[in-house]
Amino acid sequence: MASTYRFTAARRRRGAGWRHALCAMAVIAVVCLWCGLSAPTAQADEAEATDKCVPTAEFGCVNGILQGSDQKPIAGVTVTLGGAETGETTTGDDGTWAFKVADDGKYTVTIPQDVAKRYGFASASADVEIVKTSFSKQRGVVRFDKTSTSDAASKPSAAASGMKRPATTDAADTSGKPSASSATWTRFCQQLYSGIVFGLLLGLMSVGMNLVYGTTGLSSFSHGEQVTLGGLMAYVGTQMLHMPVVLSAVCAVAVGALTGLVQDQLIWGPLRRRRVGTMQQMIVTIGLSMALQYLYQFFFGGDIKGIVKSVPEGIQIGPITTNAPALICAGIALATIVGVTVFLYCTRLGRATRAVSDNAALAAASGINVDSVVRIVWTLSCALAALSGVLLGIYLNGIAWNTGVTLLMLMFAAVTLGGLGTANGALVGALVIGVVADLSTLVIPSDMRYASALAILILVLLVRPQGIFGKRNRIG
Amino acid sequence: MTAFVAAATLALSGCGGSSGASDASAAADGNGMVVGALLPLTGTLAYLAPPEVAAIKLAVNDINAAGGVLGKDVTEVEADTSDGEHADQNTSAAQSVLAKHPSVVIGPAASGVVKNVYKSIVAEKIPVISMASTSMTLSGMDPYFFRTVAPDAVQGAVMGDLIAGDGVKKLAIACFNDEYGTGMRDIILGKLKLAGVDVVYGEQDAFDPAETNYSSIASAIKASGADATLIISYDQATPLIKSLASAGVDTHRLYLVDGNTVDYSKTYDAGLLKGSKGTIPGAHVDDAFLAALKGTGTEVSDTTYAAETYDAVILSALAAEQGGSASGETIQKNLASVSGADGGEKCDSFKACKALIKDKKKIQYSGKTGIGAFNKNNDPSSANIGIYEYDDKNVNVFQAMQSGDVPSE
């Protein structure tokens, strides 16, 4: 028996030294026979120590990793197995140890008391049950650094003064407490930041939709697909045609603008001339939205497409961790929205757009070509959507056939919150939704976060039915 | 008992009557066996479809090359179920397949979709064999519902051990709010509790399957101070992993499950996932099988659930062959038997098994998945879980296989 113990320990140390091990085994077998020990019975009770153990039909595994509370592996510690089979091994350089056991039953794993004390473990032994054929019991993982009992464990270890481990864990404990509140603060800043970035992108998405609503009174449900189109075109550019990101983005926006122009020529223009009501037109946008979604899926498949493959280097700005692409996306979104605002307020065409938005009939009477203004608005709206799709695909690390439609309701919410048909409403509404949604994850589960943003929408509408920037409708 | 039933069915069909089956299944109109397939050709699981499509084609080709079932060629009809979010598409796909009078229906892939459609199919006494639905609630759901993949309990146990054995102390779980996701999470949580792994994020939190913005989840995981992250999702993992990387979470200590353990070499920069681990149920299929799948003309890059799909088709064809009829009822009665539930001679291909059946021998089909015979819940009685590790090219490399019995309680 003792000789076999030595053998297992030797094998553990040698690791890959299979041939040596085999030789040793042969020698031991001969020695055992010569001694008159009955080898078969000794083997039946012997658990085999191995480097790695994978349960099979013949063998179950009792294995684990021995590490301190700081996750540093503890090497060279003797681990003893008792129970249905017995064995002994030492932990490897990475702290791992494993036994192959052939018998089902209860096992006890023990490490030396002084090791357990030194590292502040609650217990130096643990029990596991092995049932070879049961997935849940064919492997028994034993850890002595159980975190659930670490509080209880740290106290007696602290009492055992003179040890260097408890001192370090104490220091970690005391420094841990003040950092808890600073962690919350960091988390708050991080969420606020990601809320603002998402808000800016959502704002950029919604601006075009709001322009269309303002000039034509149409709530476009297919706007989400225009966003998806932008992202997918950028994917085509970067991943299929291997163009630089910027060039791909420009092409994507151009394609987006073109689809806006073509759409107005082929669908919305004729529908307007035939005096189809906005409700009917809205139903057309819903149909178009579905058709486009499945068209995208047909051509691009159902998976999420990454526009860029690389993972950008993180940048630390105060408490916020971010990266260059996120900052650039947010910057472009903000600049574009500002640009659109300037266009609407400071250019002749922009003023004409606002005039059409206020009162199309009056604008037409005062000599504005309403039809060409609407065409420009559709083109601009789809171009903005495409741009936001590109930025979104980069910021959210991927674009799929249904990305746009999942964000559509948020766009509507942003537009309604900010004020339907107003120029800056979409931006402000989107920022509110983005920030509220992300900050609410500090207190509510993340899959419910948009509910909080939509609750804000209801509250705001109760107080200001026209939205934050909307004008109260005059009667008469 | 089974032999008696088989004999009785043989006798019945031998009498020349248009069989006792009440359903209008294929055998009745004498057109040979029809395999209906409900596959996620679109939707969030569409990335799983190509290997499944190829596996069905391959199985049907193999069967027909061996002379077909009961002397007639097997034909295949398929319909797109989309995902669980498109319930209308689920049911219309089931109806379109049912209209072709299938002898058996292979699929659907997702547990949620199975629940949406199985009733209308089993009501016509047509067996449903799912190749990828792993929810525990499907065990023993209906005598006509089978699956060739082990329920989540099995994979969850293996994953729990893997995480504990790697010495993870603080684990964050990013899990999507779906039956598969939360079910799997709860099993893993049970295992982790025993081993003393602390779950610092995600014990309750789950994200919306339609989530697009993962930055807040990523920053929450970063803030939780976890030293490893478990991701339970479908391909939501693609943007999520990048968000985690951007937030500064260690992407070399990720744990992935079958829904997202795929080859990421074309998705990310080399080295991003090196050292991360994943589990996939089912045997690790050999290159010859992959080559055969590619030979069907379908573009296949991985083999996830291909073996399960292939075996489902072969098992149902053997059940028809043994029962002497391609009716749904006959197949249902013989499925457990041909899978080896009451022993028999082992055979590993349709051709070999069919020859044994011809010799009136009992068979035990041991197919590509390495699953055991169907148990009383119509789950595989034993199964394999493969453990994979990502290399520096972000390819999941097979490490080890763990096998055991599937709990039938």
Side-chain angles (χ1 to χ4, degrees), chain A residues 52 54-57 63-65 67 69 71 73 95-96 132-136 138-139 141-143 145-149 183 186-187 190-191 194-195 197-198 294 297 301-304 306 309-312 314 321-323 326 392 395-398 402-403 406-407 437-438 441 445-447 449, chain B residues 40 42-47 49 153-154 157-158 161 164-167 169-170 177 191 193 195-198 204-208 210-217 219-220 222-223 227 235-236 238-239 242-243 245-248 251 267-269 272 382 385 387 400-407:
Chain A
K52 264 203 172 127
V54 177
T56 60
N63 68 318
I65 180 165
Q67 57 183 14
S69 50
Q71 284 193 302
T96 58
K132 280 177 298 186
T133 55
S134 161
F135 264 109
S136 51
Q138 61 186 196
R139 188 197 280 278
V141 177
V142 177
R143 300 256 302 265
D145 59 317
K146 294 193 178 180
T147 40
S148 48
T149 53
T186 311
R187 178 84 203 285
Q190 188 70 44
Q191 296 294 26
S194 70
V197 175
F198 184 66
Y294 291 107
Q297 201 180 32
D303 55 335
I304 299 168
K309 265 172 87 175
S310 61
V311 174
T321 314
T322 182
N323 51 53
L392 195 73
Y395 175 65
L396 298 182
N397 300 314
N402 61 352
T403 305
T406 55
L407 293 170
D438 271 17
T441 58
S446 75
D447 58 345
R449 67 179 194 274
Chain B
T42 62
T44 50
L45 279 178
Y47 71 104
V154 171
V158 173
D161 284 340
D166 283 351
K169 285 182 75 84
K170 293 180 181 170
N177 208 344
K191 263 282 184 182
K193 287 253 164 67
V197 177
D198 240 3
Q204 300 294 327
D205 270 353
F207 62 83
D208 186 345
E211 181 63 84
T212 45
N213 186 355
Y214 294 96
S215 64
S216 69
I217 298 164
S219 61
K222 176 68 184 166
D227 53 65
D235 77 336
Q236 290 91 343
T238 310
K242 255 183 110 173
S243 295
S246 302
T251 52
T267 321
Y268 303 127
D269 275 352
L272 184 75
S382 68
I385 302 290
I387 299 169
M401 177 70 65
Q402 198 164 327
S403 48
D405 287 354
V406 173

Counting only non-hydrogen atoms closer than 4.5 Å, does [X] touch chain B with its backbone (N, CA, C, O), its side chain (CB onward), both, or neither?
| X | result |
| --- | --- |
| A:Leu407 | side chain |
| A:Val311 | both |
| A:Arg187 | side chain |
| A:Ser310 | both |

Check whether [X] gets within reach of chain A through its side chain, its backbone, both or neither, counting any heavy atom under 4.5 Å.
| X | answer |
| --- | --- |
| B:Asp166 | backbone |
| B:Gln402 | both |
| B:Gln204 | neither |
| B:Asn177 | side chain |
| B:Val154 | both |
| B:Thr267 | backbone |

Looking only at non-hydrogen atoms, find the nearest pair between [X] and [Y] and report the distance.
| X | Y | value |
| --- | --- | --- |
| A:Thr321 | B:Ala247 | CG2-O, 4.3 Å |
| B:Ser382 | B:Asp405 | CB-OD1, 3.7 Å |
| A:Thr406 | A:Thr403 | OG1-O, 2.6 Å |

Quick one: OH on B:Tyr214 to NZ on B:Lys242, what's the gap to the nearest 0.5 Å? 14.0 Å
Contacts of type side-chain contact (heavy atoms from CB on, under 4.5 Å), residue B:Lys191, not counting sequence neighbours: A:Ser136, B:Ala157, B:Asp161
Hey, which of A:Val141, A:Asn402, A:Val142 has the most heavy atom pairs under 4.5 Å with chain B? A:Val141
Would you mind telling me which of [options] has the largest number of heavy-atom pairs within less than 4.5 Å of chain A?
| options | result |
| --- | --- |
| B:Thr238, B:Asp208, B:Thr212 | B:Thr212 |
| B:Gly165, B:Ala245, B:Ser403 | B:Ser403 |
| B:Ala153, B:Ala164, B:Ser215 | B:Ala164 |

Report the C-alpha separation of B:Met401 and A:Val54 in whole Å, then their side-chain angles, then the decisive distance to 0.1 Å, and conclude whether the side-chain contact (heavy atoms from CB on, under 4.5 Å) test is met. CA-CA 7 Å; B:Met401 177 70 65; A:Val54 177; 5.8 Å; no
Does the side chain of B:Asp198 come within less than 4.5 Å of B:Lys169's, by heavy atoms? no
Take A:Val197 and A:Tyr395, measure what side-chain contact (heavy atoms from CB on, under 4.5 Å) needs, and give me the verdict at the end. CA-CA 9 Å; A:Val197 175; A:Tyr395 175 65; 3.5 Å; yes
Going through the checks in order, is the side-chain contact (heavy atoms from CB on, under 4.5 Å) test met by A:Thr441 and A:Gln191? CA-CA 8 Å; A:Thr441 58; A:Gln191 296 294 26; 3.0 Å; yes
